[in-house]
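Values below: every heavy atom of this structure, side chains too, minus hydrogens, waters and symmetry copies. In the text below, chain A, chain B and the rest are named by the order of the sequence lines, each starting its count at 1.
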Amino acid sequence: MVENHPSQASKFKCEVKNLNFYYGSVRVLKDINLSVFSHQVTALIGPSGCGKTTLLRCFNRMHDLYPGNRYTGEIELDKINILAPWIDPIEVRMRIGMVFQKPNPFPKSIYENVAYGLRVRGQSQRSAIDETVEQALRNAALWDEVKDRLYDLAFNLSGGQQQRLCIARALATNPEMILFDEPTSALDPIATASIEELITQLKEKVTILIVTHSMQQAARISDRTAFMYLGEIIEFDRTQTIFSDPTHRKTQDYVNGRFG
Amino acid sequence: MTIDNLHQLHRLIARNRFWEKIFIVFGILSLLVGIITLLALLIDMTIDGLPRLSWQFFTSFPSRKYEEAGILSAWVGTCLVILVTAIAAIPIGIASGIYLEEYAKKNWLGDIIEINVTNLAGIPSIIYGLLALGLFVEQLKLGRSILTAGLTLSLLVLPIVIVTTREAIRAIPNSIREAACALGASKWQTIWDHILPYSIGSILTGIIIGLARAVGETAPLITIGALTFIAFLPDSPFKSEFPYISFNWLQAEFTVMPIQMFNWVSRPDPEFQSNAAAAGVVLVFMTLAMNAIAIFIRYRLRRRIKW
């Protein structure tokens with residue numbers, strides 16, 4: 001809750017202003033306005049194809065990797081528009097981490113996976129890396145399970161462990177914000193529960209934006225929820241309000257399971 | 001279903017099965033044609049050549065007397081030429097492959113380049129020989145040397161290297177590229193730290209198979225004027241005095257295994273035929289060994305990576 005962080009300079013970490021996104025000539029996101037509160041979990045929900053993952057990937061400019069994508073409008077990160085053409089997308093990705101739908105560790109050791117972000121940032125002092133790797137693995141609730149086999153291949157971990165490793169990899173670089181793209185959709189219920197608990201703890205340290213297709217998950221872990229439909233944000237409010245007393249008919253139908 | 005109908009059904013199935021059996025017989029016969037021909041060739045060559053395979057055969061220069069003749073200059077020539085080929089083709093081929101796959105814009109120009117590179121692999125090798133004769137021998141005055149030969153064969157294997165590099169890095173899932181990018185890695189860091197290390201096994205395999213093809217090439221080397229009779233070795237690359245290393249061997253005239261073979265085959269006296277067969281056995285062994293190395297590398301480097 002914002003109220004718990006009065007020291008925060010601004011209560012908004014990110015503000016999306018009139019964002020439109022185009023795949024080629026197809027307009028996928030339409031006039032998106034959204035405020036991501038500092039140190040809160042903001043969830044994006046909506047039926048498949050509503051554009052929630054597309055919106056998430058605007059925040060670290062992942063779309064820049066592929067030709068034919070275009071943005072208009074602004075996403076302000078601490079009052080600076082990160083979609084501006086003169087902002088290097090790498091700078092944005094250095095500040096905003098991401099965890100993907102399917103666990104995607106590198107085919108390297110557990111240690112090297114977590115250390116990679118530091119190596120990219122030119123960190124080469126062994127002891128400093130060791131320390132950060134341990135801290136990141138602890139924060140991702142994985143340290144106790146892997147501390148004796150840090151140099152094993154990451155592929156030998158279970159799916160849930162791999163996803164926590166990916167979270168540790170994102171945490172190691174100390175990002176201001178982490179984007180989660182349906183992080184539990186490839187996991188079993190037990191692994192899902194541990195990831196959800198982790199996300200709840202992490203908001204002490206970072207601002208979190210999460211895409212989920214599970215309404216229950218959004219209800220369990222998020223402070224604010226945006227309901228998206230056909231590329232638009234239909235409603236954005238406190239999670240409790242969205243689920244118990246939504247303003248729009250569409251939102252009500254969706255959260256009550258009448259479509260989606 | 002009546003008994004009569006059942007009989008009819010059985011006859012139908014038997015008729016359908018009949019053509020299947022015909023094809024199986026035809027398929028086995030077709031397969032045997034290939035295998036038996038190949039085996040017969042190899043066995044016949046081995047029987048002819050085996051008596052000549054001795055230490056002396058590997059350590060002697062060619063000679064007018066068949067029993068004193070050997071393949072020393074030929075195998076040394078082949079090894080040096082392939083070394084030059086590898087040094088020239090590997091970095092250029094991998095760099096081109098990476099650029100085309102990761103950096104080049106995907107537009108009509110890229111399509112044209114892609115089609116041309118693929119077609120280059122199918123051009124008759126003697127055409128490369130003609131190109132090399134004009135470019136390396138006459139324009140650049142490199143002579144009919146090991147350097148010229150190596151560069152010529154590197155042109156020949158370059159398309160193979162480029163195509164295998166592209167295929168190898170295309171096989172790396174996008175999720176790995178995105179994982180690296182999301183951590184703030186630049187495109188080059190992604191390639192250098194991830195794409196290349198994970199695909200190097202496949203790339204090396206392609207390179208070695210390309211080089212194995214180059215080992216057997218004759219036509220382009222004859223075109224640039226390789227000699228068929230060489231009774232000396234190129235200068236040693238190592239010297240006893242400063243700077244201890246010499247590149248004179250690059251300018252040396254040379255012969256290679258298939259040309260030595262061709263020379264012996266064209267002699268009238270039958271004794272030289274068994275020399276040719278022995279050289280053939282060595283040549284086949286060289287290419288098979290290279291393919292074996294390729295398979296081994298692929299096995300070793302891919303074992304720990306499953307997507």
Side-chain angles (χ1 to χ4, degrees), chain A residues 56-57 59-68 88-109 112-123 136 152-156 162-163 165-175 178-181 186, chain B residues 97-114 165-205 297-307:
Chain A
L56 187 82
R57 289 163 67 94
F59 280 82
N60 65 346
R61 290 184 60 176
M62 224 48 186
H63 295 299
D64 289 45
L65 295 179
Y66 306 97
D88 189 334
I90 293 177
E91 175 191 324
V92 180
R93 295 179 201 135
M94 290 271 193
R95 296 177 59 186
I96 301 182
M98 183 164 187
V99 176
F100 295 82
Q101 187 169 3
K102 214 175 135 237
N104 56 355
F106 302 124
K108 295 175 184 272
S109 68
E112 276 307 320
N113 264 281
V114 183
Y116 186 66
L118 305 172
R119 302 210 188 278
V120 166
R121 285 156 181 76
Q123 177 74 262
D152 273 15
L153 266 189
F155 284 179
N156 296 336
Q162 287 189 14
Q163 194 61 301
L165 178 67
C166 292
I167 295 174
R169 182 172 69 183
L171 284 174
T173 58
N174 205 11
I178 298 187
L179 312 171
F180 286 87
D181 184 7
Chain B
I98 291 176
Y99 182 82
L100 281 175
E101 195 57 35
E102 296 284 336
Y103 285 99
K105 291 233 163 58
K106 305 279 183 279
N107 54 19
W108 59 272
L109 188 64
D111 290 344
I112 289 178
I113 291 174
E114 168 150 17
T165 302
R166 295 190 64 176
E167 280 169 2
I169 61 184
R170 208 177 301 162
I172 307 286
N174 255 343
S175 62
I176 292 292
R177 291 182 177 82
E178 292 193 347
C181 281
L183 286 168
S186 67
K187 195 152 195 171
W188 176 246
Q189 283 172 319
T190 306
I191 293 169
W192 185 253
D193 296 333
H194 302 285
I195 308 292
L196 258 186
Y198 309 154
S199 59
I200 198 71
S202 312
I203 295 177
L204 280 181
T205 309
I297 290 177
R298 176 161 33 191
Y299 171 74
R300 281 301 299 262
L301 291 180
R302 278 199 188 159
R303 194 172 43 176
R304 55 192 197 92
I305 297 180
K306 31 188 180 321
W307 302 115

Spatial distance of atom CE (A/Met62) from atom CZ (B/Arg177) [nearest 0.5 Å]: 11.5 Å

Gap between atom CZ of A/Arg119 and atom CD of B/Gln189 - 0.5 Å precision: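 With rounding to 0.5 Å, CD (B/Gln189) is 12.5 Å from CZ (A/Arg119).
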
Nearest heavy atoms of B/Leu183 and A/Val120, plus distance in Å: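 Nearest heavy atoms, B/Leu183 then A/Val120: O-CG1, 4.3 Å.
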
Minimum-distance pair of heavy atoms, taken over all atoms of A/Asn104 and B/Ile176: O-CD1, 4.4 Å

Heavy-atom pair count under 4.5 Å with chain B, highest-scoring of A/Thr173, A/Leu65, A/Asn60: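 The option with the most such pairs is A/Leu65.
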
Most contacts with chain A, counted as non-hydrogen pairs under 4.5 angstrom, among B/Ala182, B/Ala185, B/Ser186: B/Ala182

Partners meeting side chain to side chain contact (heavy atoms under 4.5 Å, CB included) with B/Ala104 (sequence neighbours left out): B/Tyr99, B/Leu100

Ring pair (Phe, Tyr, Trp, His ring centres under 6.0 Å) involving A/Tyr116 - partner list, sequence neighbours excluded: A/Phe106, B/His194

So what's closer than 4.5 Å to chain B heavy atoms on [X]: side chain, backbone, both or neither?
X: A/Tyr66; result: side chain
X: A/Arg169; result: both
X: A/Leu179; result: neither

Note, B/Lys105 side chain near A/Pro67 side chain (heavy atom, < 4.5 Å): no

B/Tyr198 side chain near A/Pro107 side chain, heavy-atom distance below 4.5 Å: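 Result yes, sub-4.5 Å side-chain heavy-atom pair found.
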
